2 protein chains.
Amino acid sequence: MGKRKGSGRATITDVAEHAGVGAITVSRMMRDPSKVSEKLRIRIEKSIKELQYIPDPKARALASGRADVIGVLIPSLSNIIFADTLRAIHDSTQNTPYQVLIGNTRYDAQEENHLLSLFLAQNPAALIVVGIDQSDNSINLLKEANIPVVQIYEIGPDPIDMSVGLSHIAASETMVEHLLNQGFCKIGYLAARLDPRMERRLEAYRTKLNSLEIFEPKRVVLTNKASSVNIGRKLMRQLIDCAPDTDAVICANDDIALGALFECLAQGISVPEQMGIIGFNDLEMMQAAYPSLTSIRTDRYKIGTLAVDKILQRLNGDETDQKQIDTGFELIQRDSTSRR
Amino acid sequence: MGKRKGSGRATITDVAEHAGVGAITVSRMMRDPSKVSEKLRIRIEKSIKELQYIPDPKARALASGRADVIGVLIPSLSNIIFADTLRAIHDSTQNTPYQVLIGNTRYDAQEENHLLSLFLAQNPAALIVVGIDQSDNSINLLKEANIPVVQIYEIGPDPIDMSVGLSHIAASETMVEHLLNQGFCKIGYLAARLDPRMERRLEAYRTKLNSLEIFEPKRVVLTNKASSVNIGRKLMRQLIDCAPDTDAVICANDDIALGALFECLAQGISVPEQMGIIGFNDLEMMQAAYPSLTSIRTDRYKIGTLAVDKILQRLNGDETDQKQIDTGFELIQRDSTSRR
DNA sequence: TGACAATATGGTAGCGCTACCATATTGTCA
DNA sequence: TGACAATATGGTAGCGCTACCATATTGTCA
């Protein structure tokens with residue numbers, strides 16, 4: 001008798017003995033049934049069912065040197081934006097052998113680097129990271145890992161491997177242009193704690209307004225606190241106090257936009273007549289708000305789906321021609337900015 | 001030379017050789033430094049640093065028969081409610097060796113059962129599941145697994161092992177009583193696709209109103225679609241059409257409550273004068289809304305924290321006296337129901 | 001029909017750890 | 001100082017798979 005107690009569950013050896021075949025044949029049959037004759041296939045399948053055999057992924061990973069794991073590093077677990085993409089990633093891996101492992105970087109490059117080391121120690125099949133602002137250290141780890149890597153949400157000039165996202169600069173410019181087209185000209189900006197993508201949008205707004213010589217620093221209201229609807233209200237209140245002639249606000253995201261709307265409602269400021277409001281992400285609530293809120297729609301579910309698609313393609317050996325996918329964005333115009 | 005290529009990274013054997021000790025001593029030192037003399041400890045630590053050694057969790061798990069993994073099965077990835085708890089679980093496991101593995105059951109008992117089998121094949125250290133309505137099959141798997149199991153969000157009469165949550169029946173009764181106390185008496189109910197906890201709350205509302213002989217079926221508006229702010233608007237519209245004399249609504253969650261508020265704003269129905277609105281969960285936006293929205297605060301972060309605490313206690317060998325924790329709830333009264 | 005290729009199956013060793021046991025070293029007490 | 005316990009360290013085998021190679025079986029063609 002062995003001196004080491006196993007898990008108690010059936011192993012591949014049990015199945016092999018039960019079916020009267022070699023263990024390796026069972027292994028083959030599980031990974032690619034076409035490599036085993038029909039006769040044995042049926043016998044093995046029967047044994048698997050009878051013994052309720054479920055392969056042990058960690059033994060598999062140890063033996064093959066590759067875990068059927070896709071690591072995902074996201075900056076926040078309680079941000080619905082990332083949750084939408086996570087859902088897509090889970091959905092897309094649903095009928096594959098791949099398991100999703102989530103790491104929360106808390107918007108911290110060092111934490112990202114640390115998690116990356118931990119994840120790589122598990123030989124993941126692929127990795128998904130958010131944004132294009134990884135530390136040099138992380139970039140090296142990712143490149144040396146020699147596995148498919150997808151950067152999501154933003155596309156930039158020099159992807160580590162593949163990327164799926166959009167240009168936040170272009171999106172920001174579109175927001176400004178839309179407001180100008182609607183006749184707004186004293187355009188403010190509300191933003192809470194900035195992530196790199198928000199920073200890029202804010203910067204693009206500044207650049208754009210500067211180029212038109214209509215940029216006024218007093219209309220930019222920032223805080224270091226995390227985004228929230230309440231913060232949106234506070235920022236709006238502050239803006240109205242400091243620059244009461246402001247006629248529209250670009251909000252760093254939809255939560256802030258909703259807060260801005262509530263503050264206008266509370267102060268009796270009519271939207272869009274006295275104040276235009278535009279958000280970013282187009283959360284579902286933007287359409288339901290009254291007045292409904294204009295926003296930039298970003299297809300976060302699609303980003304996750306495409307990221308996994310790219311990864312699976314590569315893992316299946318298909319070289320991708322397209323290393324960078326621009327998922328674009330769409331300005332959804334609603335009441336909150338419709339003046340004409 | 002070995003015929004099998006390793007990962008390329010340093011292994012425990014490399015560290016052992018480098019430090020001039022046995023591999024098992026390195027293993028010991030990593031898991032419990034106090035079991036190794038200071039002399040060797042320092043030497044091994046130096047070697048670990050120089051070789052940048054990171055232990056391979058899957059090899060560790062295979063050898064020890066137990067993975068440092070806490071499995072979490074949640075019904076939805078894009079529901080902020082679960083995200084809050086997930087964040088707590090991640091935060092609480094941050095400085096432990098445990099990794100969090102998330103499964104998305106999509107509110108489907110069969111999928112839950114399937115994921116459970118897959119998770120158990122990995123010998124997780126513990127499991128967290130949502131609610132108390134697991135299938136018999138799942139309950140058996142969980143009991144046979146012989147590991148700490150925590151059911152979260154709801155507490156019931158017969159926990160599988162441990163549970164951390166609240167009584168949704170009591171919460172619902174509190175909502176009804178609050179509305180009655182505020183002078184509302186024609187109380188409606190708006191709900192989208194029901195999960196078991198929502199069902200329990202709806203049922204408690206029915207029972208309560210029936211016992212007071214003021215229950216009227218026409219005031220209950222339901223749909224099979226998923227909860228959303230837009231659905232909240234639609235349900236409210238429907239309620240106003242079918243039962244225009246309704247003077248307050250209990251909403252299955254905050255999204256629906258926010259939608260109900262917007263519909264009232266759109267129709268010029270004053271809140272709370274003509275219509276009281278109460279939500280459930282107390283999302284951050286409830287406070288920021290105008291008028292602000294009454295809701296039941298549930299401490300979702302704390303639920304996650306306590307669940308992990310209980311698990312870590314048990315994994316450390318401390319038997320818990322308290323197998324069931326009632327995290328309670330708090331009715332946060334705001335403008336939307338404040339009549340007096 | 002024989003030579004060879006293609007296909008199907010299996011044995012062995014090894015992935016990187018730790019459980020289990022053995023042994024060497026140190027400390028404690030009469 | 002000797003006997004024994006406590007402490008520190010190490011060797012070996014095994015966790016449950018699969019890579020790699022070997023061999024048996026079948027098919028194909030001149």
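Since the model is a prediction, treat every value here as computed from it, not as a measurement. Lettering follows sequence order; numbering is per chain, from 1.
Of the candidates C:dG10, D:dA19, C:dT18, C:dG10 carries the atom nearest the A:Thr25 side chain, counting heavy atoms from C-beta on. The side chain of B:Ser64 lies closest to C:dA19, out of D:dG16, C:dC17, C:dA19. Here D:dC17 is the nucleotide among D:dC17, C:dA19, C:dT9 with the atom lying nearest to any side-chain atom of A:Tyr53. The nucleotide whose nearest atom lies closest to any side-chain atom of A:Leu62 is, among D:dG16, D:dT9, C:dG10, D:dG16. Taking the side chain of A:Arg60 as heavy atoms from C-beta on, and the options C:dG10, C:dC17, D:dT18, the nearest nucleotide is D:dT18. Distance from the side chain of B:Ile24 is smallest for C:dC20 among the nucleotides C:dC20, C:dC15, C:dC17. Listed nucleotides C:dG10, D:dA19, C:dC17 differ in distance to A:Val21; the shortest reach to its side chain belongs to C:dG10.
Atom-to-atom, CD1 of A:Ile12 to P of D:dC15 comes out at 14 Å; the value is rounded to the nearest Å. The interatomic distance linking A:Lys35 (NZ) with D:dT18 (C1') rounds to 12 Å, in whole Å. We find that CG of A:Leu40 is positioned 13 Å from C1' of D:dA24, with the value rounded to whole Å. Rounding to whole angstrom units, CZ of residue A:Arg31 and C1' of D:dT18 are separated by 6 Å. A straight line from CD of B:Glu38 to C1' of C:dT25 spans 18 Å, rounded to a whole angstrom. Between A:Ile54 atom CD1 and D:dG16 atom P there is a gap of 14 Å when expressed in whole angstrom units. The separation between A:Asp14 atom CG and D:dC17 atom P is 9 Å, rounded to whole Å. Distance A:Met29 CE to C:dG10 P: 14 Å, rounded to the nearest Å.
In this structure the side chain of A:Val129 reaches within 4.5 angstrom of the side chain of A:Gln134, judged on heavy atoms.
Using N1 to N3 plus N6-O4 or O6-N4 for Watson-Crick, or N1-O2 and O6-N3 for G-U wobble, each under 3.5 Å, C:dA13 pairs with D:dT18. Across every strand in view, C:dC29 sits in a pair with D:dG2 that passes the Watson-Crick or G-U test at under 3.5 angstrom.
Closest-nucleotide positions on DNA chain D for B:Ala59 and B:Gly22 were compared, and the one nearer the 5' end corresponds to B:Gly22.
Within the nucleic acid shown, A:Pro55 comes within 4.0 Å of sugar-phosphate atoms alone, with no base atom in reach, counting heavy atoms only.
At a cut-off of 3.5 angstrom, the base of C:dG10 holds at least one donor-acceptor pair with the side chain of A:Arg28.
Between A:Glu45 and A:Lys49 no salt bridge is recorded (no basic side-chain N to carboxylate O distance below 4.0 Å). The pair A:Asp108-A:Arg106 fails the salt-bridge criterion, with no side-chain N (NZ, NE, NH1 or NH2) lying under 4.0 Å from an Asp/Glu carboxylate O. Under 4.0 Å is where a charged nitrogen must lie from a carboxylate oxygen, and between A:Arg9 and A:Asp56 no such pair does.
Under 3.5 Å, the side chains of B:Asp84 and A:Ser78 contain no donor-acceptor pair of N or O atoms.
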